[in-house]
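Atoms within each ligand, like the ligands themselves, are counted from 1 in listed order.
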Amino acid sequence: MGNFDPVCIATWSFPNASRKAGELLTAGATALDAVEQGVMVEEADIKNTTVGRGGAPDREGNVTLDACIMDPSGKAGAVVYFKHHTHAVSVARKVMEDTPHVILAGEGADQFARQQGFKKEDLLTENSRDAFKEWLKTKEYKPIINIENHDTIGMLCLDSQGDIAGACTSSGLSYKMNGRVGDSPIIGAGLFLDNEVGGAVATGMGEAILKSVGSFLIVELMRQGKSPQEACEEAILRIIKQNSNYKEFQAAFIAINKKGDVGSSCIQKGFSYMEYRGGKNVNFPSKFYH
Ligand code: GLY
């Protein structure tokens, strides 16, 4: 065991995921193993309609997952438009560790997963199929703030060696267009870390997060001396400046630095994050702009 007090932070109130990662860290796991296993809890939870199996489909009825992972050395892996396997984050890790690439998409990503031994699954559940049939009656596309774009688990862990890793996994916006990819698998947007500085992850309206490259921005602001809180607030202000319709969507960031200081900011009231530290697993309301 190293000299650092391990910390796990994760978007929204997914206590089982942060507890899993936190307990692994406390037992001496690496940050990379902890983030993977932590977010896998939500990927497997079919009650969570925004991550993994049970996630809401696109307008054609396809559940398509986006996920990425980064390790302390700066290596990264991702899958996008990923259709047939619950644990997108684990396939992203395989992309990082066993291929010369960073992102695999669609059929190629699924083929790679099968080659790696992942079992093919139907990601639509009875509930998500019924909800989709209900949605088809109106076909209205208007994600409900803090509910239908409450879409992503992003997690950052600082392990007892003082190393940081991160992961982000999502089924994306409910009833998105077929082919749409969000911020969650995009390094720099949905997730970024530099083990010398800290890390950041995002949730909310992927289009706004992509345009701001928000997670990269936060890490660079921390590098320049800002606290995680100040850096998250600055990233949210950039999104507000870029999007005159910012009152119509949610976007949120959480961040951690090498000392284990944590920050969080979002546009709309209602976002919260989990923090596991010293055996305590606590949900904190985030600071918000509006
Ligand atoms: N933040 C996830 C997405 O927009 O797909």
Does the side chain to side chain contact (heavy atoms under 4.5 Å, CB included) test come out yes or no for Leu65 and Thr169, once each step is laid out?
-> CA-CA 7 Å; Leu65 308 180; Thr169 178; 5.7 Å; no
task: Could you go through the side chain to side chain contact (heavy atoms under 4.5 Å, CB included) check for Ser264 and Lys287 one step at a time?
output: CA-CA 6 Å; Ser264 164; Lys287 290 213 168 147; over 6 Å; no
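Atoms of ligand 1 lying under 4.0 Å from at least one heavy atom of Asp183, given by number and element, are 1 (N), 2 (C), 3 (C), 4 (O). Atoms of ligand 1 lying under 4.0 Å from at least one heavy atom of Ser184, given by number and element, are 1 (N), 2 (C). Every atom of ligand 1 with a heavy atom of Gly182 under 4.0 Å away is listed here by number and element: 5 (O).
Closest approach of Leu191 and Met70 over heavy atoms only: CD2-N, 3.8 Å. Looking at every heavy atom in both residues, Val197 comes nearest to Val219 through CG1-O, 3.5 Å.
Of the N or O atoms in Thr152, one or more lie within a sub-3.5 Å distance of an N or O in ligand 1. An N or O contact shorter than 3.5 Å links Gly204 to ligand 1 by distance.
Only side-chain heavy atoms of Arg180 come within less than 4.0 Å of ligand 1; its backbone N, CA, C and O stay farther off.
Ligand 1 does not have Glu207 within reach: every non-hydrogen atom of the residue lies 4.0 Å or more from it.
In summary, the aromatic rings of Phe271 and Trp12 are positioned with their centroids under 6.0 Å apart.
Just one of Thr26, Ile9, Val282 meets the side-chain contact (heavy atoms from CB on, under 4.5 Å) condition when paired with Tyr276; it is Thr26.
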